[in-house]
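Residue numbers count from 1 along this sequence. This structure is a prediction, so every number in the text was calculated from the model and none was measured.
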Amino acid sequence: MQVQRVVLNSRPGKDGTPVPENFRLEETTLAPELKDGEVLVRTLYLSVDPYMRCRMNEDTGAEYLTPWQLSECVDGGGVGVVESSRCTTCAEGDVVTSFNWPWQTHAVMAGSGLQKVDSQLVDGHLSYFLGAVGITGLTALLGIREKGYVTKGANQTMVISGAAGACGSIAGQIGRLDGCVRVVGICGSEDKCKALVEDLGFSAAINYRQEDVAARLKESCPAGIDVYFDNVGGAISDTVIAQMNNGGHVILCGQISQYNKDVPYPPPLSEETQENLRSKNITRERFMVLNYMSKVDAALFELSQWVKSAQIKVLETVVNGIENMGAAFCSMMKGGNIGKQIIKISA
């Protein structure tokens, strides 16, 4: 069987910014015979995510991430359908997902590495398994529950950076559902600000490219900031932390502003920010959803119920065609997406 796949063509150059030419589309052939335990899957949707930028380096800087190898097929979150199976746990027609899905139109995979999913959980929107009812939603929900310490009736204010991205757009809605009285998003365009407030129910949104973030935070968070869901790091996070209340909580989810730089993860903080954390007794702990796998099934069910009842609205930016994977990834890294960046591979 002839299939198309995307391989890592080159690593980013000196300035660290990825370009579509770092990826290459190739034709390859799949062996016709499956071995015991294997399945042939047709790829429906693939995901591109900020953490993947770390995988483009020879050293990812994170012990749980393996680097992509040059001239080898790239992988990440994917969802597809089983076309044939020699695995007892997967049958033809099953919808399956994996964190390590090859960027291929079809693939032969070990059935043991696939998770069967029920399309009813997402009302048939199978791409949601890569976002709101998948690892993205889990990161938002468990991040807030495990590190945010949101308490109903406590009049808390939450700020989210990267708020119009895949995780931030869900996290803000969960913050509101869990009891925050004010939820303020920081993002990079007027369209994104409008989507956060009008579509997702954020209290306010700040365009960091055009507005004075410190001044707008003071205006939007008159009682200070209690919880900060941090997706970006850097100067924006320094500004938010400076306005946090005593005993506040930083949910350290991502640091996308720093991923193109040659720094360890999480990147070092300025002395002033470290002093703010110390003097105000603010917790700031790295959050990794992989440490909470025992809570995943219940959390996915809760996310599914919220999505199906429209208490959580899902935003997606969908690009068609495996040939556009590299361009979609680079666009996402520059904030070109609203909500989850999805690539539709087949119907």
Using a cut-off of 6.0 Å, state whether more than 12 heavy atoms not belonging to [X] lie near its atom [atom1].
X    : atom1 : value
K313 : NZ    : no
E271 : CD    : no
E272 : CD    : no
K308 : NZ    : yes

For residues [X] and [Y], is any side-chain donor paired with an opposing acceptor at under 3.5 Å?
X    : Y    : answer
T29  : Q2   : yes
D49  : S47  : yes
E316 : S127 : yes
E190 : N207 : yes
S309 : Q311 : yes
S161 : Y228 : yes
S346 : R42  : yes

Partner set under ring-ring contact (aromatic ring centres under 6.0 Å, His included) for H249, not counting sequence neighbours:
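For H249 the ring-ring contact (aromatic ring centres under 6.0 Å, His included) partners, ignoring immediate neighbours, are Y149.
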Is the distance between the ring centroids of F129 and Y45 less than 6.0 Å?
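That pair fails the under 6.0 Å test.
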Sort and list the pairs that fulfil salt bridge (charged side-chain N to carboxylate O under 4.0 Å, His left out) and have at least one residue in residues 86-95, not counting sequence neighbours.
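Applying salt bridge (charged side-chain N to carboxylate O under 4.0 Å, His left out) to every pair that reaches into residues 86-95, excluding sequence neighbours, yields D36-R86, D94-K116.
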Do you know which two heavy atoms are closest between L114 and M109, and how far apart they sit?
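Shortest heavy-atom contact: CD2-CE, 3.7 Å.
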